[in-house]
Chemist: 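Pasting a structure here, questions to come.
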Protein chains: 4
Amino acid sequence: MPEAVRTDDISPDEPARVGRPRDPRVDTAIAKATLELLVEDGYQATTIQAIARRAGVSAPSVYRRWSSKAELIEEAVFPSGLLAPEAITGDVITDLKPYCLQILEYLSDPAIRAAIPGLLVEYQNDHAMWQRGMERSVTPMRASFRDYIAKTGRDPVVDADQLFDVMLGALFTRALNEGAEGAEAFAHAVAKVITTTLDESKVGPS
Amino acid sequence: MPEAVRTDDISPDEPARVGRPRDPRVDTAIAKATLELLVEDGYQATTIQAIARRAGVSAPSVYRRWSSKAELIEEAVFPSGLLAPEAITGDVITDLKPYCLQILEYLSDPAIRAAIPGLLVEYQNDHAMWQRGMERSVTPMRASFRDYIAKTGRDPVVDADQLFDVMLGALFTRALNEGAEGAEAFAHAVAKVITTTLDESKVGPS
Amino acid sequence: MPEAVRTDDISPDEPARVGRPRDPRVDTAIAKATLELLVEDGYQATTIQAIARRAGVSAPSVYRRWSSKAELIEEAVFPSGLLAPEAITGDVITDLKPYCLQILEYLSDPAIRAAIPGLLVEYQNDHAMWQRGMERSVTPMRASFRDYIAKTGRDPVVDADQLFDVMLGALFTRALNEGAEGAEAFAHAVAKVITTTLDESKVGPS
Amino acid sequence: MPEAVRTDDISPDEPARVGRPRDPRVDTAIAKATLELLVEDGYQATTIQAIARRAGVSAPSVYRRWSSKAELIEEAVFPSGLLAPEAITGDVITDLKPYCLQILEYLSDPAIRAAIPGLLVEYQNDHAMWQRGMERSVTPMRASFRDYIAKTGRDPVVDADQLFDVMLGALFTRALNEGAEGAEAFAHAVAKVITTTLDESKVGPS
DNA sequence: CAATAACCGAGACGGTACGTCGAGTCTTATA
DNA sequence: TATAAGACTCGACGTACCGTCTCGGTTATTG
């Protein structure tokens with residue numbers, strides 16, 4: 001049995017070099033069908049068999065690529081890491097509102113709204129997956145927010161991480177329940193609350 | 001063949017006066033089994049058949065009482081209206097923190113944490129049910145919060161309803177993700193943020 | 001506990017004299033519904049629940065009167081003993097054909113045609129019931145046929161009982177499969193076959 | 001996504017060329033379990049779930065092959081056409097008795113005895129199935145019997161088809177009720193009756 | 001150019017949950 | 001005390017999705 005010899009440099013996690021390559025059209029068809037079904041019929045009805053059916057693809061072709069429905073949906077809905085927002089770089093008062101609005105609108109995407117509760121259910125049986133998802137999405141956001149607060153030279157009366165949790169939690173719940181309706185006003189309210197709390201803080205010795 | 005007409009007094013919403021009455025032990029056994037399964041195995045595994053099995057009850061006995069898994073779980077987890085918190089009646093600074101803590105701890109109940117994402121999924125296919133649930137739980141809370149703010153005589157810089165949404169959204173998300181861990185500190189943070197925003201507001205003409 | 005005192009003479013197998021008497025309209029409604037359902041929907045669909053439903057009666061009211069679906073149907077379809085044909089009394093050649101026709105038409109009754117295969121299925125699990133049914137219906141017929149043959153003074157080349165089984169089996173199968181269609185011709189054929197066999201027999205010493 | 005068109009030779013009635021082929025052991029296990037249950041517990045208790053259970057097979061695997069219990073039992077009990085008797089080819093007197101005996105013994109098979117009343121019940125709701133079954137089993141028998149009578153050169157006093165119905169009806173009823181007990185004697189009786197009727201007939205002009 | 005290996009669609013596989021229905025039994029209020 | 005209504009347990013019904021597997025067949029790389 002000959003070894004699978006690698007003859008040229010390959011990115012280290014390249015899974016296979018011999019055999020028939022995967023048809024990229026299958027990947028896109030699955031992703032497209034997944035998003036469509038999520039939006040049209042909800043998480044419940046977005047079964048793997050239904051996805052395969054709509055994509056014109058066989059069920060094993062789906063399982064070959066993703067080991068579970070949760071992973072498939074996670075990847076289809078958050079293709080390149082959850083949120084990945086641009087860091088806040090400018091003035092605190094003027095920056096926070098567009099930042100909140102950006103998050104709110106992102107989370108209000110119909111596919112994302114449909115996917116999240118379902119993913120939360122799946123996470124109940126797979127804590128590791130939950131952790132992976134959080135570290136991919138929320139953790140970098142939290143870090144960039146913390147850096148931003150530090151750069152303002154303030155010593156907030158409320159810990160920066162918890163302030164972030166208040167902000168994100170409010171936006172998350174709003175997006176889940178109401179979607180993008182009244183996003184502008186709510187983003188303004190959230191930004192105002194956070195800004196007010198920051199203003200209250202004494203400026204540190206910097 | 002006797003007549004089925006009843007001429008004497010019956011309480012108006014009396015569901016059944018003839019026939020074998022429902023065994024109340026069946027009701028409690030189902031509710032108990034539902035909560036246990038939710039906590040032990042998560043929402044996914046809390047199937048109606050599994051509930052019936054654990055309750056020592058037949059599946060039709062479950063379907064006789066609830067028309068769907070969502071309704072059953074909703075009623076088992078929120079027996080008499082979601083939350084039903086005590087209204088805030090005292091001083092704003094000292095009251096808000098225990099109020100937040102109360103909400104956070106209530107939502108951190110393992111059965112509730114397990115139930116909520118699943119219910120959100122079901123609500124995708126039954127908007128009326130979502131509305132019913134919200135009106136039973138969140139709406140009265142929002143109203144009592146608004147009244148409380150009004151009684152303080154303040155004219156908040158942020159609309160009272162949206163302030164409430166920020167508060168509840170933050171607590172809701174926290175409870176869902178972290179449960180009761182560090183509840184004390186987070187409740188303090190939320191209360192501080194809300195209080196600060198209220199303090200900023202000018203006192204109205206009373 | 002006071003005894004149930006009998007104050008007047010009652011036929012000895014009277015089952016109950018105290019308590020609420022049975023409503024005779026229930027009995028007739030059940031019987032009527034049973035026959036209707038048998039003819040309209042077949043044996044399979046003639047469930048006890050369906051009978052109760054159509055009769056406007058509760059299921060226990062049916063079970064109170066009959067211990068099983070088989071007994072109920074047996075009694076509804078064969079109210080006073082199966083067949084109970086008039087004995088053959090006259091001339092062999094002229095009598096046999098109307099006799100066969102009478103049997104064939106009786107078995108061709110839609111309710112009987114529908115009931116018989118179902119009853120045969122039930123008899124598989126209750127041999128005693130089968131025996132009871134046979135003794136109530138076939139046995140007296142066979143006896144009267146045997147007597148009739150004896151009275152003709154013939155010593156048949158085929159045993160009278162088996163000759164009867166040939167005759168009845170042919171008529172029974174015919175009625176089950178074709179019903180009353182072409183009954184006249186088939187009754188003639190059967191009578192002819194039996195008569196010919198009898199004619200072949202030598203006349204005994206009387 | 002490769003093309004699914006096949007241009008080269010395929011046997012015309014090949015049912016499936018793609019997909020995992022059926023496990024033939026499943027087929028035989030189902031058939032075996034069906035016959036066993038019929039004999040042991042009767043038609044009533046031979047449910048599809050019980051068959052699947054005994055065969056060590058899932059219920060969907062049964063439904064994949066047969067659309068109803070009736071079809072499954074029909075095929076299990078009459079694998080290749082009902083009866084399929086050898087044609088009568090020799091002398092009328094000597095041939096008829098073994099022919100009758102053969103039919104009687106075939107119908108006395110415990111599985112067949114158990115199956116037939118149940119199938120008759122099912123046929124009440126599916127006349128087409130009854131017709132199919134008759135044409136597969138009785139019709140060819142009747143034809144071969146008619147040919148046989150014609151070959152004897154007789155012009156029977158009773159129509160050949162009705163003579164056949166008398167013969168088969170007698171044997172059928174006997175098998176259903178008594179099974180193989182006393183088969184020898186009854187086959188003799190039936191053969192005698194039919195033979196006598198044929199002897200009575202004038203020999204035709206050949 | 002042949003061998004090899006991973007891909008492809010189709011569909012069978014064992015399992016399990018679904019929600020409904022019929023079978024009988026049991027409990028209650030009523031007559 | 002028998003009745004009628006209806007809840008009760010049990011289990012079969014037929015369907016759907018789960019995730020796996022086994023095919024025949026295709027498309028690349030490798031020797």
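Reminder, nothing fancy here: chain letters follow the sequence lines and each chain counts from 1.
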Chemist: Please pick, from F:dG25, E:dG14, F:dA4, the nucleotide with the shortest atom-to-atom distance to any side-chain atom of C:Ser58.
Modeler: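 Looking only at side-chain atoms, C:Ser58 lies closest to F:dA4.
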
Chemist: Hey, what do you get for CD1 (B:Ile51) to NZ (B:Lys32), rounding to the nearest 0.5 Å?
Modeler: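 Separation between the atoms: 13.0 Å.
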
Chemist: Take the protein atom CZ of A:Arg25 and the nucleotide atom P of E:dG9, then report the distance between them rounded to whole Å.
Modeler: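 Taking CZ of A:Arg25 and P of E:dG9, I get 10 Å after rounding.
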
Chemist: So, is B:Ser61 near the phosphate of F:dA7, with a side-chain N or O under 4.0 Å from OP1 or OP2?
Modeler: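 The answer is no; no side-chain N or O of B:Ser61 sits under 4.0 Å from OP1 or OP2.
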
Chemist: State whether the distance check finds a donor on one side and an acceptor on the other, under 3.5 Å, for side chain A:Arg20 versus base E:dC8.
Modeler: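 It does not, because no donor-acceptor pair links the side chain of A:Arg20 to the base of E:dC8 below 3.5 Å.
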
Chemist: Do D:Glu122 and D:Glu74 have side chains that get closer than 4.5 Å, going by heavy atoms?
Modeler: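 Side chain of D:Glu122 against side chain of D:Glu74, heavy atoms only: no contact under 4.5 Å found.
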
Chemist: With the side chain of B:Arg64 defined as its heavy atoms from C-beta on, choose the nearest nucleotide among F:dC8, F:dC10, F:dA4.
Modeler: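 Nearest nucleotide to the side chain: F:dC8.
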
Chemist: Rounding to an integer number of Å, can you tell me how far B:Ile30 CD1 sits from F:dA7 C1'?
Modeler: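 So the two atoms are 12 Å apart, to the nearest Å.
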
Chemist: What is the distance from CZ of C:Arg54 to P of E:dG22, rounded to the nearest Å?
Modeler: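 To the nearest whole Å, that distance equals 13 Å.
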
Chemist: Rounded to the nearest 0.5 Å, what separates atom CD in C:Glu71 from atom CD1 in C:Ile73?
Modeler: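 Going from the CD atom of C:Glu71 to the CD1 atom of C:Ile73 covers 11.5 Å.
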
Chemist: Could you state the atom-to-atom distance from CG of D:Asp27 to C1' of E:dA12 in whole Å?
Modeler: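 So the two atoms are 11 Å apart, to the nearest Å.
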
Chemist: Find the distance A:Arg65:CZ to F:dT20:P and express it as a whole number of Å.
Modeler: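 From A:Arg65 CZ to F:dT20 P: 16 Å.
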
Chemist: Taking only Lys NZ, Arg NE, NH1 and NH2, and the carboxylate oxygens of Asp or Glu, determine whether A:Asp27 and A:Arg65 approach each other closer than 4.0 Å.
Modeler: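 The answer is yes: the pair qualifies as a salt bridge.
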
Chemist: Heavy-atom distance under 4.5 Å between the side chains of A:Trp66 and A:Ile30, does that happen here?
Modeler: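 Contact flag for A:Trp66/A:Ile30 side chains = yes.
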
Chemist: Does the side chain of B:Leu35 come within less than 4.5 Å of B:Val39's, by heavy atoms?
Modeler: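 Contact flag for B:Val39/B:Leu35 side chains = no.
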
Chemist: Could you tell me the separation between the CD atom of A:Glu71 and the P atom of F:dC18, rounded to a whole number of Å?
Modeler: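 My rounded result for the distance is 15 Å.
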
Chemist: Round to a whole Å and report the spacing from CD1 of D:Ile51 to C1' of F:dG11.
Modeler: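 Checked: the CD1 to C1' distance equals 15 Å.
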
Chemist: Starting at the 5' end of DNA chain E, which residue's closest nucleotide do you reach first, B:Pro21 or D:Asp23?
Modeler: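 Nearest-nucleotide comparison on DNA chain E picks D:Asp23.
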
Chemist: Collect all protein-nucleotide pairs involving nucleotides 17-19 of chain E in which both atoms are nitrogen or oxygen and the distance is under 3.5 Å.
Modeler:
| unit_1 | atom_1 | unit_2 | atom_2 | d |
| --- | --- | --- | --- | --- |
| E:dC18 | OP1 | B:Ile48 | N | 3.1 |
| E:dC18 | OP2 | B:Ile48 | N | 3.3 |
| E:dC18 | OP2 | B:Gln49 | N | 2.8 |
| E:dC18 | OP2 | B:Gln49 | NE2 | 2.9 |
| E:dG19 | OP2 | B:Tyr63 | OH | 2.5 |
| E:dG19 | O5' | B:Tyr63 | OH | 3.4 |

Chemist: Please enumerate all residues that pass side-chain hydrogen bond (donor to acceptor under 3.5 Å, both in side chains) together with A:Gln124, with sequence neighbours excluded.
Modeler: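 Residues passing side-chain hydrogen bond (donor to acceptor under 3.5 Å, both in side chains) with A:Gln124: none at all.
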
Chemist: Atom CG of C:Leu72 to atom P of E:dG22: distance rounded to whole Å?
Modeler: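 C:Leu72 atom CG is separated from E:dG22 atom P by 15 Å.
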
